[in-house]
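Predicted model, so just to flag it, every value in this text is computed and none were measured.
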Amino acid sequence: MTTLALDRPAPPRHISPGKGFQHALSLAWRGILKIRKNPEQLADVTLMPIVFLVIFVYLFGGALSGSTDAYLQMVVPGIIVMNILQACLTVGTNLNTDVTKGVFDRFRSMPIARSAPLIGAVLADVVRYVVCLAVLMVVATIMGYRIATSPGEFAVAILLALAFGLAFCWASVFVGMVMKSPGSAQALMFVFIMPLTFGSNVFVQTNTMPGWLRAWADISPVSLMANALRGLMNGGAVAGPLTGALAWMAGAVIVFFPLATWAYRRRVG
């Protein structure tokens, strides 16, 4: 046993950024393969968009907008933002699961960059965002939603939604690294995300809200990104809400990226 331990190559002391990124891509591919072998991991990003669309459009659409068609046009961009934000829950939970099951102990013995498992997990999560958007847009189109702008503007809207998810996923990573179990990490993020998404203009216009709630909803990142996507997909103002949304995204990265990397290093060693 001692001979085997001595013969095992030690991880290199310094790994170049390019090599480290290659390691991250390899581990991202590992995450994608896990999804292929266990497609039930996509249940939240395939079923939840359908559930929210059907329930809110057909149950509340007529009462809120006078017709389900008008409400569908208003609500689809908002549900995109909501579901992307909810999809961020998984990366922190999955990282916590890997740590508690000892997967990271194996990573530490391999000659890879220390940050590769973290970056790889975040990159693999983009696949979940893409699946979420694809399912949502297909179902919305079947229900009658129509993009009123150019294909280029729609492409920008999709890229912004993906960037929104990547910016806020670092909050999930931070929570996943500081909580002791996957269940507690998921519960805490759920408690944070649900008021953030429902206290916005995703489902209703803010002018019907109490003053204290409207003051927040008008400037929340979810409302601002939803308005930016509405402008890009339905037509309307884009610059104002997009500027605010980008400011929130930059703030999320500035705050949570250092916290996430600190908690990651502290947890995995």
A.B. asks: Would you find a donor on one side and an acceptor on the other, under 3.5 Å apart, between the side chain of Thr149 and the backbone of Leu232?
C.D. replies: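 Such a contact is found between Thr149 side chain and Leu232 backbone.
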A.B. asks: Run the numbers on Val81 and Thr197 for side-chain contact (heavy atoms from CB on, under 4.5 Å), then give the verdict.
C.D. replies: CA-CA 8 Å; Val81 180; Thr197 52; over 6 Å; no
A.B. asks: Side chains of Tyr145 and Pro77, heavy atoms from C-beta outward: is any pair under 4.5 Å?
C.D. replies: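 Sidechains of Pro77 and Tyr145: in contact.
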A.B. asks: Do Phe154 and Ile158 have side chains that approach each other closer than 4.5 Å (heavy atoms only, starting at C-beta)?
C.D. replies: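 Phe154 reaches Ile158 side chain to side chain.
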A.B. asks: Would you give the length of the straight line joining atom CG of Leu136 to atom CZ of Phe52, rounded to the nearest 0.5 angstrom?
C.D. replies: 11.0 Å
A.B. asks: Side chain of Trp248, backbone of Ile219: donor and acceptor closer than 3.5 Å?
C.D. replies: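 Yes; at least one donor-acceptor contact below 3.5 Å.
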A.B. asks: Please answer: with hydrophobic residues joined when any side-chain heavy atoms are less than 4.5 Å apart, are Leu47 and Val57 in the same cluster?
C.D. replies: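 No, separate clusters.
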A.B. asks: Between Met225 and Met249, is there a side-chain heavy-atom distance shorter than 4.5 Å?
C.D. replies: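 Answer yes - side chains close enough.
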A.B. asks: Examine distances only and state if a side-chain atom of Arg230 and a backbone atom of Met74 form a donor-acceptor pair shorter than 3.5 Å.
C.D. replies: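 Side chain of Arg230 to backbone of Met74, a donor-acceptor pair under 3.5 Å: yes, one is there.
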A.B. asks: Taking all heavy atoms of Ser200 and all of Leu196, pick out the closest pair and write down the distance.
C.D. replies: CB-O, 3.9 Å
A.B. asks: How long is the span from the CD atom in Gln86 to the CE atom in Met189, to the nearest 0.5 Å?
C.D. replies: 10.5 Å
A.B. asks: Might you point out which heavy atoms bring Phe174 and Leu259 nearest each other, and give the distance in Å?
C.D. replies: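 Minimum heavy-atom contact is CD1-O, 3.5 Å.
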A.B. asks: So how far is it from Leu162 CG to Asp125 CG, rounded to the nearest 0.5 Å?
C.D. replies: 11.0 Å
A.B. asks: Please report the shortest heavy-atom distance between Leu118 and Leu95, naming the atom on each side.
C.D. replies: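 Heavy-atom minimum between the residues: CD1-CD1, 3.8 Å.
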A.B. asks: What closest approach, in Å, do Thr100 and Lys180 show between heavy atoms, and which atom pair accounts for it?
C.D. replies: CG2-O, 3.6 Å
A.B. asks: Side chains of Met179 and Arg267, heavy atoms from C-beta outward: is any pair under 4.5 Å?
C.D. replies: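 Met179 vs Arg267: side chains apart.
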A.B. asks: Hey, is the main chain of Gln73 close enough, under 3.5 Å, to the side chain of Asn234 for a donor-acceptor pair?
C.D. replies: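 Side chain of Asn234 to backbone of Gln73, a donor-acceptor pair under 3.5 Å: yes, one is there.
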A.B. asks: Determine, using the 4.5 Å side-chain heavy-atom cutoff (strictly less than), whether Ile254 and Phe256 are members of one ILVMFWY cluster.
C.D. replies: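 Result: no, two separate clusters.
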A.B. asks: How about Phe203 and Phe198: are their ring centres within less than 6.0 Å of each other?
C.D. replies: yes
A.B. asks: Does a side-chain heavy-atom distance below 4.5 Å link Ile80 with Met233?
C.D. replies: yes
A.B. asks: Could you go through Ser150 and Glu153, starting from their C-alpha distance and side-chain angles, then the distance that decides it, and tell me whether this counts as side chain to side chain donor-acceptor pair (under 3.5 Å)?
C.D. replies: CA-CA 5 Å; Ser150 68; Glu153 289 172 299; 3.2 Å; yes
A.B. asks: Measure across Tyr129 and Cys169 and return the closest heavy-atom pair with its distance rounded to 0.1 Å.
C.D. replies: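 Shortest heavy-atom contact: OH-CB, 3.5 Å.
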A.B. asks: Under the 3.5 angstrom rule, does the side chain of Gln186 hit a backbone N or O of Leu89 as a donor-acceptor pair?
C.D. replies: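 Between the backbone of Leu89 and the side chain of Gln186 there is no qualifying donor-acceptor contact (under 3.5 Å).
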A.B. asks: Checking side-chain contact (heavy atoms from CB on, under 4.5 Å) for the pair Val91/Val122: CA distance, chi angles, key distance, verdict?
C.D. replies: CA-CA 7 Å; Val91 64; Val122 172; 4.3 Å; yes
A.B. asks: Taking the side chain as C-beta and beyond, is there a heavy-atom pair between Thr243 and Leu224 under 4.5 Å?
C.D. replies: no
A.B. asks: Are Trp216 and Trp212 linked, directly or through intermediate hydrophobic residues, by side-chain heavy-atom contacts shorter than 4.5 Å (ILVMFWY only)?
C.D. replies: yes
A.B. asks: Taking C-beta and beyond as the side chain, do Val76 and Leu229 meet within less than 4.5 Å on heavy atoms?
C.D. replies: no
A.B. asks: Run the side chain to side chain donor-acceptor pair (under 3.5 Å) test on Thr206 and Asn201 for me, step by step, so that the C-alpha distance in whole Å, both residues' side-chain angles and the decisive distance to 0.1 Å come before the verdict.
C.D. replies: CA-CA 6 Å; Thr206 59; Asn201 64 6; 6.0 Å; no
A.B. asks: Drop me the distance from Gln205's CD to Ser223's OG, to the nearest 0.5 angstrom.
C.D. replies: 9.5 Å
A.B. asks: Does Asn83 use its side chain to pair, donor to acceptor, with the backbone of Ile79 at less than 3.5 Å?
C.D. replies: yes
A.B. asks: Using distance alone, with no hydrogens and no angle criterion, decide if Ser181 and Ser184 have a side-chain donor and acceptor under 3.5 Å apart.
C.D. replies: yes
A.B. asks: With clusters defined by side-chain heavy atoms of hydrophobic residues (ILVMFWY) lying less than 4.5 Å apart, directly or transitively, does Met48 cluster with Val138?
C.D. replies: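 Hydrophobic grouping puts Val138 apart from Met48.
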A.B. asks: Whether the side chain of Arg214 engages the backbone of Thr208 through a donor-acceptor N/O pair (distance < 3.5 Å, no angle test) should be reported.
C.D. replies: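 A pair under 3.5 Å: no.
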A.B. asks: Are the side chains of Met82 and Val222 in contact, using a 4.5 Å heavy-atom criterion?
C.D. replies: no
A.B. asks: At their closest point, which heavy atom of Leu213 faces which heavy atom of Met209, and how far apart are they?
C.D. replies: CG-SD, 3.9 Å
A.B. asks: Honestly curious: do Val51 and Ile84 fall in one hydrophobic cluster under the side-chain, below-4.5 Å linking rule?
C.D. replies: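 Yes, it is one cluster - the side chains of Val51 and Ile84 are joined through contacts under 4.5 Å.
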